[in-house]
Amino acid sequence: MKLKRKSAGPSALIRPLVRRLKAYVPGEQPKTAGFIKLNTNENPYPPSPKVLKAIKAAVDGRLRLYPNPTAEPLRRELARFHGCSAENIIVGNGSDELLALATRAFVEPLPGPAPHSTNSTSNTDRRTVARSLVQYFVPSYSLYPVLADIHGARRNPVPLASDFGLPNLGALDHSKRWNWNAALTFITTPNAPTGRGYSTTELEALCARIKGVVVLDETYVDFAPENALELALRHPNVLVSRTFSKAYSLCFQRVGYMVGHPELIGALLKIKDSYNVNGLGQVAALATLDDLGYYRANFRRIVKTRDRLREALIQMGFEVCPSATNFLFTKPPRFSAADWLQRLRERNILVRWFDLPETRDYLRISIGSETETDMLIRAIRDILEPAPRRNVRSQNV
Ligand SMILES: *Cc1c(COP(=O)(O)O)cnc(C)c1O
């Protein structure tokens with residue numbers, strides 16, 4: 001009997017698409033204490049005492065039970081809050097889960113190995129590939145291309161205007177890249193990592209022309225002067241995505257939601273995991289909605305710190321994009337952005353740097369507490385003008 005050829009190893013057992021896949025890279029969560037974390041846009045302030053109390057009170061023998069499968073009490077409260085019905089809302093394991101569900105529900109995967117971009121396609125092709133197209137502006141949230149890749153869909157990255165504003169409709173009409181028929185278009189608003197806010201008027205003009213589904217990812221909207229939630233209730237192809245993570249200090253609990261037409265929401269509900277939202281997360285989010293005053297005070301505080309840091313950075317020679325979020329996107333002077341990342345890290349300050357052509361000259365700095373911001377400003381001054389050694393020593397006595 002012939003000897004069986006030795007198997008090619010476990011890697012041969014993995015779908016080629018998954019083997020080739022480059023996973024999303026989340027910002028670093030340091031393993032040791034002592035860092036000032038300004039790299040993942042977490043809220044510098046803790047959840048409200050009422051939320052902590054509610055979570056602690058829920059930790060008992062009930063942990064053996066499954067949570068409500070659709071987070072119904074939370075759905076109802078969110079509906080009341082947004083002036084819509086529970087059928088307009090789906091709750092997810094963070095909004096990232098819902099972005100992935102939207103990709104699976106609305107985008108047709110390509111048959112066979114997926115070509116990664118639409119660079120060389122003709123006009124007729126463009127129409128036929130539209131149903132496999134995941135479209136988004138660059139720079140924006142770096143998860144969108146990964147979701148397209150995981151699903152075996154086509155990515156369609158479209159450049160923002162040079163000031164990171166939305167291109168106007170005419171520019172998009174003339175652009176070879178933009179596709180009004182794309183199955184799914186993600187728009188981060190206000191945008192990340194640039195921080196720019198977009199007006200509801202310009203978003204509505206876009207949404208009204210787009211034939212496919214549009215997800216307005218409003219992760220940072222609580223720090224912005226306006227929101228576009230009404231578009232999800234006015235346009236049947238628009239979903240607005242929100243999260244308790246950043247503005248509501250609940251990253252750890254993983255609760256996000258989408259608002260939109262009951263038929264789109266129903267499609268997402270059909271394909272979600274049975275118990276997708278953690279029970280303690282549901283408790284925490286419900287308690288959050290009961291203490292919004294606490295969070296609104298935090299938003300004001302963070303916005304104030306953001307505007308103060310922006311001024312200080314400009315004074316020190318940084319270019320700083322206008323921000324409607326809890327972070328600043330800034331082009332540093334003197335050294336490269338990658339160099340700044342390292343120099344700040346040496347001083348135990350973590351910020352974010354994205355190594356893409358559109359973003360590699362910039363740092364994204366999350367807004368920390370007032371003290372953390374003071375320490376950041378001091379560290380930057382020190383990098384720009386290192387204090388003579390004896391000064392450092394005399395300051396320490
Ligand atoms: C952080 C972030 C999310 C994910 O939020 P979760 O609800 O924690 O999953 C989605 N979109 C953008 C733009 C983000 O920055």
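Only this structure's heavy atoms are used, side chains among them; waters, hydrogens and symmetry mates stay out. Note that ligands are numbered from 1 as they come in the structure, with each ligand's atoms numbered from 1 the same way. Keep in mind that what you see is a predicted model, and the values were worked out from it rather than measured.
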Does ligand 1 have an atom that lies less than 4.0 angstrom from a heavy atom of [X]?
{"X": "Tyr220", "result": "yes"}
{"X": "Arg254", "result": "yes"}
{"X": "Ser95", "result": "yes"}

If the threshold is 4.0 Å, N to carboxylate O, is there a salt bridge linking [X] and [Y]?
{"X": "Asp163", "Y": "Arg196", "result": "yes"}
{"X": "Arg308", "Y": "Asp374", "result": "yes"}
{"X": "Lys50", "Y": "Asp290", "result": "no"}

*Under the criterion ring pair (Phe, Tyr, Trp, His ring centres under 6.0 Å), which of Phe164, Trp178, Tyr144 is the partner of Phe137?*
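Output: one option passes, namely Trp178.
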_If you take the nearest heavy atom of each of Asp96, Thr219, Asn41, Thr189, which one is closest to atom 12 (C) of ligand 1?_
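Residue with the shortest heavy-atom distance to the ligand atom: Thr219.
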Under 3.5 Å, N or O to N or O, is [X] touching ligand 1 that way?
{"X": "Asn93", "result": "no"}
{"X": "Tyr141", "result": "no"}
{"X": "Ser245", "result": "yes"}

*Considering only heavy atoms of Thr188, which atoms of ligand 1 have at least one such atom less than 4.0 Å away?*
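Answer, ordered by atom number: 13 (C).
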*asked:* For Arg209, I'd like to know if atom CZ has over 12 heavy atoms of other residues, nucleotides or ligands within 6.0 Å.
replied: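 Enclosed: over 12 neighbouring heavy atoms sit under 6.0 Å from CZ of Arg209.
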*Are Tyr248 and Leu292 close enough that some pair of their side-chain heavy atoms sits under 4.5 Å apart?*
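They are in side-chain contact.
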*How does Lys246 reach ligand 1, if at all, at less than 4.0 Å between non-hydrogen atoms: by side chain, backbone, both, or neither?*
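Under 4.0 Å from ligand 1, Lys246 contributes side-chain atoms alone.
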*Do you know which two heavy atoms are closest between Leu63 and Ala58, and how far apart they sit?*
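Scanning both residues, the minimum pair turns out to be CD2-O, 4.2 Å.
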*asked:* Starting from atom 11 (N) of ligand 1, what is the nearest protein heavy atom, named by residue and atom, and what distance separates them?
replied: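 The closest one turns out to be Asp217 OD2, 2.7 Å.
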